[in-house]
Amino acid sequence: MRQKELRIALVCYGGISLAVYMHGVTKELWRATRASRAFHRPAPDQEPRSTGVEAVYRGLFEAAHDLRGMKLRLLPDIISGASAGGINGVFLGQALATGQSLEPLTTLWLERADIDVLLDPDAKPWGRFAKFWAQPIVWFVLKWPGNVVSRTVAEGTRSEVRRKVSRLIRARWFAPPFSGIGFSRLIAEALDAMATAGADGGPVLPEGHPLDLLVTATDFNGHLEELRLNSPAQVVESEHRLAIAFRRAAGGPGTHDLAPCPDMVFAARATASFPGAFPPLTVAEIDQLVDERGLGWPGREAFLRRIMPSRWKRGHIDGAALVDGAVLVNRPFAQAMGVLRDRPAQREVDRRFVYIDPSPDHMRIAPKGGATVGFFSAIFGSLSSIPREQPIRDNLEALEQQSRERGRMRAIVDALRPEIEDAVEKLFGYTLFFDSPTLKRLTGWRNKAQQAAAEQAGFAFHGYAQVKLAGIVSDLAELVCEAAPDAATRPAVESALWRHLSAQGLDHLAELRGGARADAIAFFRSHDLSFRIRRLKLLARRLTYDWDEAEGVAPADREAARDMVYRAQALYQGRETVAGLGPGFTETAAVATSDPAAVLAAIAARRDLMGIDLQVDAMIVAALEAMSKPLRRRFLHAYLGFPFYDVATLPLLQGEGLGEFDPVKVDRISPDDATSIRPGGTFACLRGVEFFNFGAFFSRAYRENDYLWGRLHGAERMIDLIASTVEPTLPNDVVRRFKRDAFLAILDEEKARLVAEPGLVEGIEREVRAAFADA
């Protein structure tokens, strides 16, 4: 049975009131992940059967298992969001980390995300005739022919919107009308409600798997960052971008919360602090919330120092005023890309970047080009539309470039394969007992192959060794700075490590005639973690694709071998991060600049790579014994031949070497991509786009409509994503049947809740049955 993981890095855009639609989408991702967890339980037949739409998703995983022999697991392990997308990301991350329900967030969006609730009590007009002098403005905005409400709001909802806009205009002026502390209270209440509802089955991700949450915010006043130049040597500039990041291994020790409640409220409130509507977030506001609720905030200083190090260093934390993350970074792809590198893998991975864009064609929101820009158009367009229309081309081009490099990597490996296989055959072709490996023999063969690759490379080995050493030093410096961020800068740590290595003579690693010196070999054996991981990734690639139809190689044998390779890879990857070094390393890391030798010795002892090498060799020997002879020889040749590949490819690929071979794929979820029920995209389905994307804040009926379409579109695209991962792809009629069943299950689940607009659910149900009459 082939095992595979569909890993999703989710990017949630800002969208103002379209956040309600995004909540519906993320809810389907959460439900599909729960169904995947249930399917992968040790005894799935003894698990309570899934119900509703989760039963449909589970059926899809079972179909992949029964029809294609693939056991697929869905893992959304990276979440990046801005503004309204950031709020949804915070709650989704908490649900994935804990197993808690997202239903309380649905209640928050439907019942509380309303202009009347969000208005600060001190800002509300005291009566019908409050601010009578503002009535001409109200009349101009709401009643003047061609006014903004008539142009952007559906006729049936205009009276409700006009009433609420009138109160908004007659609220206090020259200060944000919405309550900042009130918003923080709403977020905290929703998190409390999730905790009260309890965790059903524990974390949704596998134990030990990292979950990364990243949200953007904007430091309105800016903080100083140092720049190094030629002349002058150092300058400072004001930086306004701010990223708030959380990472937690699922099912780890202690609390299962993604982060303490005040930290998550801080992140959600900061990223969605829409300029002019809400006051900027200050640390004092969260302190007030903590005092009101009697929460306590034991990690306060560590959290603030981590997310705002420059301000903390200068003692300017109290001066931070944080506004909406979408002001500068509305499409946070780069943040998600930044945490890709150190993801562990225990089986084959299909990595997807999935972004939610509820309104991909923003140009249709209001006429542009030649039309006079009015008062409201200028304000709302500048704050809500224009920043969100900035293209993601740069991010996608970076991912495309990465994919091209991986394609080039595959071409290089394919071109080198005949010559390297010939070299390995000459090296071991007449070796006694080659078909009967033991732990001692395999260790000796591995060392022999590495030395032969170095010697045959000649002078090219010098460049390879220097590239490898530079990569190791860079990784070690990053590890030290992650463990002790306040101790020293990364350049300072790297300089200290290089001075120490130079003093030991390790800046010259190779002998004149090729091959590494004895002390260099000892250093690499203690610290070259990346080499081990690259070697196992090449083996995984060979087992997955290159030997798919090799003569004499049974699929079951290949799958068993691949499972062993991923388990071995996980042993090394567990030592990549600070968490893998165990407790107490922070104190050692703090002396990196003054005593780099002690830090290197501590890392070597804590990682114990040579000890893991012996474990992995034992795992390989046990697996080789169970293999057929053709697969055993192929496996040994690839494993022992890896140093030849690495010498040739590492310098060419700027130190990245043979990592992941497969490209990262990008998928979008938007109304324009989910047309099985109703064609026409955003403007045929969503109501929140009215009134410059603020529409759903003025009407519960709008919120219910957008939430329901978010669930339906999310279900359609989740089924598309899962089906596209299965190889060969599932038949189209099977996929259509699952979509129909998912739509009907969602409509049945929501029928009793969504009543603000009579006939909404029943009308869409008729559309579903008509669209899938042949399914």
Side-chain angles (χ1 to χ4, degrees), residues 1-8 10 24-77 92 95-103 197-207 209 250-251 347-350 352 354 669 674 676 710-750 768 772 775:
M1 183 61 58
R2 183 174 177 180
Q3 297 193 51
K4 194 174 187 179
E5 291 179 356
L6 171 57
R7 294 190 181 180
I8 290 180
L10 185 70
V25 175
T26 58
K27 196 170 185 179
E28 290 312 298
L29 174 58
W30 168 68
R31 288 201 174 278
T33 308
R34 282 169 50 89
S36 174
R37 179 190 64 180
F39 175 63
H40 277 264
R41 294 287 196 189
D45 295 338
Q46 300 175 18
E47 283 286 307
R49 290 301 299 175
S50 304
T51 60
V53 74
E54 287 187 22
V56 180
Y57 292 130
R58 181 164 176 174
L60 181 58
F61 290 115
E62 291 170 348
H65 179 279
D66 296 338
L67 297 177
R68 296 294 186 253
M70 176 173 286
K71 195 168 186 181
L72 180 65
R73 179 144 196 182
L74 175 64
L75 294 179
D77 59 347
L92 176 62
L96 294 173
T98 62
Q100 294 171 1
S101 173
L102 275 179
E103 292 298 335
D200 180 12
V204 182
L205 301 183
E207 183 173 357
H209 193 87
R347 54 191 56 84
E348 182 184 352
V349 172
D350 184 348
R352 305 291 183 94
V354 178
I669 299 178
S676 292
R711 288 202 65 183
L712 295 169
H713 290 166
E716 178 170 352
R717 296 297 287 139
M718 286 311 307
I719 292 172
D720 287 338
L721 288 168
I722 293 169
S724 70
T725 303
V726 180
E727 299 174 1
T729 56
L730 295 173
N732 186 58
D733 62 322
V734 173
V735 175
R736 278 181 56 78
R737 189 165 61 249
F738 277 109
K739 286 185 179 181
R740 178 203 61 192
D741 293 347
F743 296 152
L744 294 176
I746 290 169
L747 293 168
D748 185 63
E749 290 173 1
E750 298 294 350
V768 171
F772 290 85

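Note that the coordinates shown come from a computational prediction; the quantities given were computed from them, not determined experimentally. Note that these values count all heavy atoms, side chains included, but never hydrogens, waters or copies made by symmetry.
- Every side chain to side chain contact (heavy atoms under 4.5 Å, CB included) that P76 has, sequence neighbours left out, goes to I8, L29, T33, L74, L96, L205.
- Residues L721 and S724 share a closest heavy-atom pair of O-OG, 2.8 Å.
- For K27, the salt bridge (charged side-chain N to carboxylate O under 4.0 Å, His left out) partners two or more places apart in sequence, or in a different chain, are E103.
- In this structure, M718 and L60 have side chains that are not in contact, with every pair of non-hydrogen atoms separated by 4.5 Å or more.
- Applying the side chain to side chain contact (heavy atoms under 4.5 Å, CB included) criterion to T725, with sequence neighbours excluded, gives K4, L6, L72, D350, R352.
- Here the closest heavy-atom approach between residue S101 and residue W30 is recorded as CA-CZ2, 3.6 Å.
- Residues E28 and Y57 form a side-chain contact, since some pair of their non-hydrogen atoms from C-beta on lies under 4.5 Å apart.
- A 4.5 Å side-chain heavy-atom check between K71 and H40 finds at least one atom pair inside the cut-off.
- Residues A745 and V56 come closest through the heavy atom pair CB-CG2, 4.3 Å.
- To the nearest 0.5 Å, atom CG of residue D741 and atom CD1 of residue I746 are 11.0 Å apart.
- A search for salt bridge (charged side-chain N to carboxylate O under 4.0 Å, His left out) contacts involving R37 returns nothing, not counting sequence neighbours.
- Between R58 and E62, at least one side-chain nitrogen of the basic residue sits less than 4.0 Å from a carboxylate oxygen of the acidic one, meeting the salt-bridge criterion.
- Every residue was checked against the side-chain hydrogen bond (donor to acceptor under 3.5 Å, both in side chains) condition with R740, not counting sequence neighbours, and none meets it.
- L75 CG to H209 NE2: the interatomic distance, rounded to the nearest 0.5 Å, is 5.0 Å.
- How far OG of S36 is from CD of E54: 11.0 Å, rounded to the nearest 0.5 Å.
- Rounding to the nearest 0.5 Å gives a distance of 10.0 Å between CZ of F738 and CD1 of I722.
- With sequence neighbours excluded, the residues satisfying salt bridge (charged side-chain N to carboxylate O under 4.0 Å, His left out) with E5 are R7, R347.
- Here E716 pairs with A674, S676, D720, K739, F743 under the side chain to side chain contact (heavy atoms under 4.5 Å, CB included) rule; sequence neighbours left out.
- Taking the salt bridge (charged side-chain N to carboxylate O under 4.0 Å, His left out) definition, one finds that E749 meets it with R711, sequence neighbours left out.
- Across all non-hydrogen atoms, the minimal contact from I719 to A742 is CD1-CB, 3.9 Å.
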